[in-house]
Amino acid sequence: MPDQPRCWAIRSMEATESGYLEKTCAKLRVRTRIEAVAVAVRDGIIDPDAE
């Protein structure tokens with residue numbers, strides 16, 4: 001079981017990421033990630049031309 005700590009860390013990161021996305025969607029008053037991106041671009045929070 002050498003992969004167990006690594007798998008736990010990945011699941012933990014995914015849970016943290018999901019939590020951040022849920023909070024972001026709630027603040028932007030949207031339900032999906034793509035809606036959040038669209039609103040953020042529309043509102044100038046994200047620059048679609050930035051690299």
Side-chain angles (χ1 to χ4, degrees):
M1 286 200 182
D3 289 337
Q4 186 176 7
R6 181 172 174 253
C7 291
W8 177 85
I10 290 170
R11 282 194 304 269
S12 179
M13 287 184 335
E14 289 172 351
T16 300
E17 179 183 333
S18 291
Y20 288 145
L21 287 169
E22 285 178 23
K23 288 178 184 177
T24 301
C25 287
K27 286 183 179 185
L28 294 173
R29 296 182 179 155
V30 297
R31 294 182 53 136
T32 66
R33 294 177 186 196
I34 193 67
E35 287 177 309
V37 171
V39 168
V41 169
R42 183 193 70 205
D43 292 350
I45 298 169
I46 297 174
D47 180 4
D49 298 324
E51 292 184 22

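- Tracing side-chain contacts under 4.5 Å through hydrophobic residues (I, L, V, M, F, W, Y), one never reaches Leu21 starting from Ile46; they form parts of separate clusters.
- Distance check: Arg42 CZ to Glu35 CD gives 10.5 Å after rounding to the nearest 0.5 Å.
- Note that the OG1 atom of Thr24 and the CD atom of Glu17 stand 10.5 Å from one another [nearest 0.5 Å].
- Nearest heavy atoms, Arg33 versus Ser18: NH2-OG, 4.4 Å.
- Taking each heavy atom of Cys25 and Thr32 in turn, the nearest pair found is SG-O, 3.7 Å.
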